[in-house]
Undergrad: 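So that we are looking at the same thing, I have put the structure below in structure tokens.
It should be emphasised that the depicted structure is a prediction, and the values quoted were computed from it without experimental measurement. We name chains A, B, ... by the order of the sequence lines, and we start the count at 1 in each one.
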Amino acid sequence: MAGMWLMKSEPDEFSIDALAEVTHEPWTGVRNYQARNFMRDAMRVGDPVLFYHSNCAQPGVAGIAEVASAAYPDPTQFDPDSAYYDPKSTRSAPRWLLVDIRFVRRCKRVITLDAIRSAAEPLGDFALIRRGNRLSVLPVTAAQYQHILSLEHTA
DNA sequence: GCCAACGTTGGC
DNA sequence: GCCAACGTTGGC
């Protein structure tokens, strides 16, 4: 059951350029059950990922990545020094899972939330542009994926 | 198991 | 920095 995904990252924390440098990154720090479930239950190695910059001057899709591992426990949940430490999680029953993400390419320019919203009609119901959506990992249909990428080549 | 309080997200 | 949305927590 392969899928397509959009994953948000704050570029101040971890940008598409940072991903390009390391090429491979464990997606630590997700602490939302819905987002975790997508990673745990539905992601498959090779699934394409729209890499979205959030909470920044120009929010939007900044590049393409892909799922690079099966789900496994997020090590930061066990680290008392980590901001993502979860004292209620145990190694025998880890609460938080993650996948690795691999860099594919940058967008020629950021496909802004504005542009995506303007193109909303053909996208149908899309969680990213629903008011108040805060989910950091969300599924994208093939049509939405294609359409967003097509915006890369338009003004 | 209800629900108010609280914390976080994220666009603006 | 504001604030709406909404998930989580914890008292009952």
Side-chain angles (χ1 to χ4, degrees), chain A residues 3-22 25-43 47-67 71-101 103-104 106-141 143-145 147-152 154-155:
Chain A
M4 297 178 156
W5 309 95
L6 182 143
M7 297 172 85
K8 297 181 189 174
S9 184
E10 304 194 7
D12 287 352
E13 298 293 319
F14 190 74
S15 68
I16 189 71
D17 290 337
L19 181 63
E21 260 177 52
V22 297
E25 178 75 5
W27 206 252
T28 56
V30 170
R31 295 295 180 267
N32 171 284
Y33 288 105
Q34 224 183 326
R36 177 205 67 182
N37 293 349
F38 286 135
M39 292 196 288
R40 183 190 63 187
D41 303 331
M43 283 191 179
D47 279 0
V49 174
L50 298 170
F51 192 102
Y52 181 92
H53 283 174
S54 69
N55 205 12
C56 57
Q58 196 177 43
V61 173
I64 311 296
E66 68 180 22
V67 176
Y72 63 95
D74 180 341
T76 64
Q77 72 196 302
F78 306 123
D79 176 4
D81 295 327
S82 168
Y84 302 121
Y85 179 57
D86 183 350
K88 292 179 184 164
S89 185
T90 64
R91 286 182 188 275
S92 55
R95 181 180 292 196
W96 305 110
L97 301 185
L98 53 67
V99 296
D100 291 349
I101 293 301
F103 176 76
V104 174
R106 291 180 185 78
C107 286
K108 291 174 182 63
R109 60 177 180 281
V110 174
I111 303 166
T112 63
L113 179 60
D114 241 15
I116 295 168
R117 192 179 281 127
S118 305
E121 197 54 45
L123 295 180
D125 184 37
F126 188 24
L128 180 67
I129 56 179
R130 270 206 297 268
R131 187 172 171 75
N133 192 299
R134 302 181 304 159
L135 203 54
S136 63
V137 175
L138 46 116
V140 175
T141 66
Q144 288 164 349
Y145 184 90
H147 193 81
I148 288 173
L149 280 193
S150 78
L151 297 173
E152 190 178 6
T154 61

Undergrad: Given 3.5 Å as the limit, does a donor-acceptor pair link the side chain of Glu152(A) with the main chain of Lys108(A), or not?
TA: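 Judged by distance alone, yes, a pair lies under 3.5 Å.
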Undergrad: Hey, what do you get for CG (Leu97(A)) to CD (Gln77(A)), rounding to the nearest 0.5 Å?
TA: 7.5 Å
Undergrad: Figure out the CZ/C1' separation between Arg31(A) and dT9(C), and round it to whole Å.
TA: 17 Å
Undergrad: Nearest heavy atom decides the nucleotide; on that basis, is Asn133(A) or Asn55(A) closer to the 5' end of DNA chain C?
TA: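 First, find each residue's nearest nucleotide; the 5'-ward one identifies Asn55(A).
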Undergrad: Would you kindly give the CG-to-P distance between Leu113(A) and dT9(B), to the nearest whole Å?
TA: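 After rounding, the gap between these two atoms is 18 Å.
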Undergrad: Does Lys8(A) make a side-chain N or O approach to OP1 or OP2 of dT9(B) shorter than 4.0 Å?
TA: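 Lys8(A) to dT9(B) OP1/OP2: no side-chain N or O under 4.0 Å.
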Undergrad: Supply the atom-to-atom distance Asp47(A) CG to Ile101(A) CD1, rounded to the nearest 0.5 angstrom.
TA: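 One gets 9.0 Å once the value is rounded to the nearest 0.5 Å.
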Undergrad: Whole angstroms only, please: what is the CZ-C1' distance between Arg130(A) and dC6(C)?
TA: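 Rounded to the whole Å, the gap is 13 Å.
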Undergrad: Starting at CE of Met7(A) and ending at C1' of dG10(B), how long is that distance when rounded to a whole Å?
TA: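 Result: 17 Å.
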Undergrad: Answer yes or no: does a side-chain N or O of Arg134(A) lie under 4.0 Å from OP1 or OP2 of dG7(B)?
TA: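 So the side chain of Arg134(A) is outside the cut-off, no N or O lying under 4.0 Å from OP1 or OP2 of dG7(B).
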Undergrad: To the nearest Å, how far apart are His53(A) NE2 and dT9(B) P?
TA: 17 Å
Undergrad: In whole Å, what is the span from the NZ atom of Lys88(A) to the P atom of dT8(C)?
TA: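 Rounding to the nearest Å, NZ of Lys88(A) and P of dT8(C) are 11 Å apart.
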Undergrad: Mind calculating the distance between CD1 (Ile129(A)) and P (dA5(C)) to the nearest angstrom?
TA: 16 Å
Undergrad: Looking at Tyr52(A), does any N or O in its side chain come under 4.0 Å of the phosphate oxygens OP1/OP2 on dG11(B)?
TA: yes
Undergrad: Could you tell me the separation between the CZ atom of Arg117(A) and the C1' atom of dG11(B), rounded to a whole number of Å?
TA: 8 Å
Undergrad: Could you go step by step and tell me if Val61(A) and Leu6(A) meet the side chain to side chain contact (heavy atoms under 4.5 Å, CB included) rule?
TA: CA-CA 9 Å; Val61(A) 173; Leu6(A) 182 143; 4.2 Å; yes
